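Every chain is numbered from 1 and lettered A, B, ... according to where its sequence line falls, protein lines coming before strand lines. None of the values given here were measured: they were computed from a predicted structure.
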There are 2 protein chains.
Amino acid sequence: MPVAASGKLTLSEEQVQRIAKALADARRYEILKKLSARKAAIPCSEMLAGAGISPATLSHHMRELELAGLVLAEKDGKFVRYSLQQPVLRAYLDRLKADLA
Amino acid sequence: MPVAASGKLTLSEEQVQRIAKALADARRYEILKKLSARKAAIPCSEMLAGAGISPATLSHHMRELELAGLVLAEKDGKFVRYSLQQPVLRAYLDRLKADLA
DNA sequence: TCGATAATTCGACAACCATCAAAAAGATGT
DNA sequence: ACATCTTTTTGATGGTTGTCGAATTATCGA
């Protein structure tokens, strides 16, 4: 239940942990960087190219990122396009700052 | 090679990953929150009280946090007191923001 | 020096996780 | 219907890691 456009969204304790774990893997971090660097949503097939991992592994990582709420999956015909959920990321940064800084 | 008092410190890729992993464990996150909430350095013995883990496990976690650079260990007689390294944490937050936001 | 307290190290174990190949599922075009 | 392309699922495997008990090191007070 994210609030409309105004308020920050609040992350559950569980989601904070999911996000932290999602960020703790180098491959997922690279995936997120790629998604962040580009405005448009990227299909799996493109992220697979040059990533050096199997489709199965990529699918696994995308699932983790989606469970963490960090990416949004949109089906488009054959493809599944992923986009970064910046509000969730920002909420996580705010949470870290509030809890630890 | 952290810069003196002015500039932000730059984290190596390896340290970023260490920090992310350190934050990805619920117990370590709680430890950091406790250290953040208090100004003074806290000895292991105090963190052990009510934490529900063995001394060995706590020692392991503190080692991980220290390797990540998130805490500083100071020996004081019998005790080892830990304090949060806020600059490192801030550098991590800045890094996340720069890479992903 | 002895006993008690604080913390680390060691060895072992269970749970978790990243990874892949192979098979399956879903979608498109012919 | 068929062949092709994209993604997911399944099953298995090797590596990592959180956890503890027991032993060890270090420090203090009596």
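Every pair passing side chain to side chain donor-acceptor pair (under 3.5 Å) that includes a residue from residues 40-62 of chain B is listed here, sequence neighbours excluded: B/Arg28-B/His61, B/Arg38-B/Glu46, B/Ser54-B/Thr57. Residue pairs satisfying the salt bridge (Lys or Arg N to Asp or Glu O under 4.0 Å) criterion with at least one member in residues 55-78 of chain B, sequence neighbours excluded, are listed as follows: B/Asp76-B/Arg81.
A/Ile42 places its CD1 atom 12 Å from the P atom of D/dT7, with the value rounded to the nearest Å. When the C1' atom of D/dT8 is taken as reference, atom CE of A/Met47 falls 14 Å away, rounded to whole Å. Computed from coordinates, the A/Leu48 CG to D/dC5 P distance equals 15 Å when rounded to whole Å. Note: NE2 (A/His61) to P (D/dT9) measures 15 Å, nearest angstrom. When the C1' atom of D/dC28 is taken as reference, atom NZ of B/Lys75 falls 13 Å away, rounded to whole Å. C/dA18 atom P lies 10 Å from atom CG of A/Leu65, rounded to whole Å. For the pair B/Arg18 CZ and D/dT17 C1', the computed distance is 13 Å after rounding to whole Å. Across the protein-nucleic acid pair, B/Tyr29 atom OH and D/dG18 atom P stand 17 Å apart, rounded to whole Å.
Considering only side-chain atoms of A/Ser54, the nucleotide from C/dC20, C/dA27, D/dC20 that sits closest is C/dC20.
If you take NZ on B/Lys34 and CD1 on B/Ile42, they are separated by 6.5 Å, rounding to the nearest 0.5 Å.
Residues forming a side-chain contact (heavy atoms from CB on, under 4.5 Å) with A/Arg95 (at least two apart in sequence, or on another chain): A/Leu11, A/Glu13, A/Val16, A/Asp99, B/Tyr29. With sequence neighbours excluded, the residues forming a side-chain contact (heavy atoms from CB on, under 4.5 Å) with A/Pro87 are A/Leu9, A/Arg90, listed by chain and number. Applying the side-chain contact (heavy atoms from CB on, under 4.5 Å) test to B/Ala37 and every residue at least two apart in sequence or in another chain returns nothing.
Side-chain nitrogen and oxygen atoms of A/Lys21 include at least one within less than 4.0 Å of the OP1 or OP2 phosphate oxygen of C/dC17.
Looking at heavy atoms from C-beta onward, A/Leu100 lies in side-chain contact with B/Leu23 at the 4.5 angstrom threshold.
Among the protein residues, A/Ile53 comes within range of the sugar-phosphate backbone only, with heavy atoms under 4.0 Å from sugar or phosphate atoms but none that close to a base.
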Contacts under 3.5 Å, N or O only, protein and nucleotides 5-13 of chain C:
| unit_1 | atom_1 | unit_2 | atom_2 | d |
| --- | --- | --- | --- | --- |
| C/dA7 | OP1 | B/Cys44 | N | 3.2 |
| C/dA7 | OP1 | B/Val80 | N | 3.2 |
| C/dA7 | OP2 | B/Ser45 | N | 2.3 |
| C/dA7 | OP2 | B/Ser45 | OG | 3.2 |
| C/dT8 | OP1 | B/Tyr82 | OH | 3.1 |
| C/dT8 | OP2 | B/Ser59 | OG | 2.9 |
| C/dT8 | O5' | B/Ser59 | OG | 3.3 |

